[in-house]
Amino acid sequence: MLWIQDNERNAPSLNPDRGDVLNDGTSLPVAQFSRGDFSLWSVLKNCVGKELSKITMPVVFNEPLSFLQRMLEYLEYAHLLRLAAEQTDPVARMEYIAVACWCAELKRGRKSTKDDSLESPIKAFAVSALASNWERLGKPFNPLLGETYELQRPEFRAVCEQVSHHPPVSAFHADSPHFVFHGSVHPKLKFCGKSVEIQPKGHVTVELPRWGEAYTWNNVNCCVHNVIVGKLWIEQYGAMEVVCHGGAGLRANLAFKPAGFNNRDLHRVDGFILDAEYVEYMDAVPACVRQMDELDIVRILKGGRRLTVLEWKGRVFHFYVCLSLLRRANHARVEGTQASLASFKKRLRFVYGKWTQCIKCCSIEDYERWCKERGEDAAGGSGAGAAGRPNGRNEQVSQPDETDSDDVPKPDESTNIDIPDSVLLWEARPRPSNSAQYYQFTEFAMSLNEMERSMESKLCPTDSRLRPDVRLLERGDVDGAAAEKTRLEEKQRTTRKILKKSSEGWQPRWFSQGTNPYTKQEDWLYNGGYWDRNYQHLKDVDIF
Ligand SMILES: CC(C)CCC[C@@H](C)[C@H]1CC[C@H]2[C@@H]3CC=C4C[C@@H](O)CC[C@]4(C)[C@H]3CC[C@]12C
């Protein structure tokens with residue numbers, strides 16, 4: 001596996017005596033350049049409260065990947081998607097994903113429903129996609145307009161493109177015989193004084209054609225702490241809602257917890273898989289009410305019949321709700337009484353773990369028994385009770401703590417929980433032993449710049465692998481990388497000026513803006529054609 005020759009200009013030569021190796025997919029050519037005394041503060045001091053996408057950061061803060069490549073790290077655990085898709089009948093399901101899950105259920109003479117075993121791997125996948133972010137503190141290069149990246153693996157093939165520059169939006173589309181996985185990310189970075197807040201706007205969709213199902217979920221927020229003093233560390237937090245459209249119609253509500261007091265909840269994720277009835281109920285509820293657990297039903301309007309007036313934390317909400325559902329939960333004539341959303345929820349499984357380590361699931365009965373033994377309240381909507389506090393309601397909307405100390409919280413095995421009879425759904429692969437010298441890359445990340453000889457003639461000329469600045473950084477030439485980065489950005493500016501004057505303007509090649517058929521929100525959808533490999537006729541491909 002070799003590098004393409006074109007990018008060898010200006011690159012320092014490799015020195016095998018120093019241990020330098022070619023990028024063979026398991027290591028990078030040279031160890032990371034120390035950030036040493038470079039101060040982030042000097043770059044960020046004028047940016048408090050600002051969006052950071054327009055700010056140029058010195059190359060020492062970069063990692064040698066383009067954001068397009070980083071985005072495809074979502075696919076590191078793509079085998080979970082295949083597992084999900086392959087569950088044709090209960091027996092096969094037992095064999096593949098839910099092996100242990102089913103065994104545990106059968107042992108006690110109970111059989112789980114078809115649906116929850118199908119939902120579980122998708123959910124595990126949604127969490128697993130974020131595992132590679134742990135301790136990764138390098139900033140990926142902003143993709144150039146029209147830059148693309150492709151990745152072919154036994155499990156899938158994927159293509160992505162930078163479809164917009166301001167605001168920066170990257171779109172991806174992966175397919176395989178078993179699933180289609182696509183989405184777009186618009187990362188919003190905001191400097192908040194002590195930390196950088198990252199909101200990755202956009203939705204992610206997985207389609208399982210065989211089952212006529214599509215699963216969608218949102219990305220959770222991310223926070224880089226201690227940007228001024230202390231050591232940087234990264235936290236992911238917020239609510240993730242995995243919705244199944246079509247088929248069984250299940251939903252999974254997960255909470256990524258902020259580290260919290262004494263870092264008790266560091267890296268913790270938990271939540272429930274909920275049945276379709278709950279989903280139906282929730283669809284009748286406006287988004288702002290979804291996060292709430294305990295509601296007071298103030299009044300059910302007789303005339304409007306389906307209009308319900310609810311109060312939550314002193315605020316009154318009016319909305320239409322399906323009366324039959326209210327009735328089923330005995331709240332049909334409950335004016336003036338308290339209704340708990342929890343009583344509408346039919347919870348199928350409890351899912352818990354740490355996004356850096358593993359995700360397990362167990363039955364609701366096991367979860368409730370476990371809570372009772374510890375004297376905790378199992379009714380807490382987000383399952384936050386499992387985190388060791390008596391009542392963790394509404395925890396899923398909380399924010400990371402800005403008054404934290406400057407230290408990096410250490411993962412602590414003693415805060416791991418293990419509910420008897422749980423099933424392991426997913427476990428993070430350990431980082432390679434040399435990871436700390438190589439930007440905390442996972443093995444998957446190390447392979448992303450890999451360039452095989454056979455690729456050279458086929459590769460689209462806009463592929464991230466051909467970016468000279470990324471390659472120079474990868475080889476430890478920080479100054480060279482900085483110079484190339486500036487050159488590329490200037491080149492892009494000139495091209496955009498010319499294109500602006502032309503009648504067509506700039507158009508993404510492989511994706512078009514459209515409405516996501518499931519979320520009904522604006523999204524970028526794949527046009528097809530990339531894998532035909534007819535790149536000779538493309539115009540304006542000279543972006544590097
Ligand atoms: C403060 C300095 C050092 C800048 C470093 C910022 C780095 C750590 C930021 C910049 C862009 C960020 C990424 C933006 C978007 C996503 C997609 C989301 O689904 C998972 C997190 C992920 C992948 C973020 C991880 C952290 C990230 C790489």
Side-chain angles (χ1 to χ4, degrees), residues 32-36 38-45 47-48 50-77 125-143 149 160 162 167-172 181-206 216-242 254 256 267 269 355-356 400 408 439-442 444-445 448 470:
Q32 172 179 0
F33 190 86
S34 153
R35 282 186 187 173
F38 282 92
S39 134
L40 253 183
W41 174 238
S42 63
V43 186
L44 295 176
K45 64 182 172 208
C47 311
V48 183
K50 277 193 198 150
E51 238 271 67
L52 292 186
S53 67
K54 289 194 179 174
I55 283 127
T56 356
M57 295 250 216
V59 173
V60 273
F61 296 111
N62 282 95
E63 61 179 14
L65 287 178
S66 150
F67 184 72
L68 297 183
Q69 295 170 292
R70 175 84 184 246
M71 190 170 59
L72 285 196
E73 291 188 40
Y74 282 152
L75 277 155
E76 176 167 357
Y77 297 95
F125 177 79
V127 176
S128 75
L130 302 174
S132 73
N133 294 323
W134 177 44
E135 293 190 334
R136 286 277 292 279
L137 294 159
K139 187 176 179 299
F141 283 74
N142 287 337
Y149 180 70
C160 30
Q162 188 69 3
V169 182
S170 317
F172 67 92
F181 176 47
H182 57 94
S184 47
V185 188
H186 162 200
K188 275 193 156 174
L189 271 68
K190 209 171 123 192
F191 177 48
C192 302
K194 282 175 79 181
S195 58
V196 172
E197 284 284 326
I198 300 136
Q199 279 182 9
K201 300 248 172 203
H203 271 89
V204 195
T205 306
V206 168
T216 57
W217 64 89
N218 60 294
N219 284 318
V220 296
N221 292 350
C222 186
C223 181
V224 178
H225 290 275
N226 296 342
V227 291
I228 302 170
V229 280
K231 271 189 92 182
L232 294 176
W233 66 280
I234 197 163
E235 179 170 44
Q236 300 192 91
Y237 65 94
M240 179 188 261
E241 195 174 49
V242 187
L254 282 179
F256 282 67
H267 303 151
V269 187
W355 59 265
T356 46
V408 181
Y439 310 88
Q440 304 288 354
F441 276 9
T442 57
F444 189 82
L448 292 173
V470 174

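For ligands, and for the atoms within them, numbers begin at 1 and follow the listed sequence.
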Subject >> Arg136 contact mode with ligand 1 (heavy-atom cut-off under 4.0 Å) >> reply: backbone
**OP:** May I ask you to list the atoms of ligand 1 that are less than 4.0 angstrom from any heavy atom of Ile198?
**Re:** 9 (C), 14 (C)
Original post:
Should the proximity of Leu137 to ligand 1, defined as any heavy atom under 4.0 Å, be assigned to the side chain, the backbone, both, or neither?
Top reply: backbone
Original post:
Any idea which atoms of ligand 1 are less than 4.0 Å away from a heavy-atom of Asn219?
Top reply: 19 (O)
Original post:
Looking at Glu63 and Arg136, does any basic side-chain N land under 4.0 Å from a carboxylate oxygen?
Top reply: yes
Subject >> With Phe441 via ring-ring contact (aromatic ring centres under 6.0 Å, His included) - residues at least two apart >> reply: Tyr439
Original post:
Can you list the atoms of ligand 1 that are under 4.0 Å from a heavy atom of Pro140?
Top reply: 28 (C)
**OP:** Would you mind listing which atoms of ligand 1 come within a distance below 4.0 Å of any non-hydrogen atom of Pro200?
**Re:** 17 (C), 18 (C)
Original post:
Distance-only, no hydrogens or angles: does the Ser66 side chain make a donor-acceptor pair with backbone N or O of Leu68 under 3.5 Å?
Top reply: yes
**OP:** Report yes if some N/O of Lys139 lies less than 3.5 Å from some N/O of ligand 1; otherwise report no.
**Re:** no
Original post:
Which ligand 1 atoms, with their elements, are less than 4.0 angstrom from a heavy-atom of Tyr74?
Top reply: 17 (C), 18 (C), 19 (O)
Original post:
Parallel, tilted or perpendicular: which fits the ring planes of Phe181 and Tyr74, with parallel below 30° and perpendicular above 60°?
Top reply: perpendicular
Original post:
Okay, side chain of Asn218, backbone of Ala239: is any donor-acceptor separation there less than 3.5 Å?
Top reply: yes
Original post:
Heavy atoms, side chains only, cut-off 4.5 Å: are Asn221 and Phe256 in contact?
Top reply: no
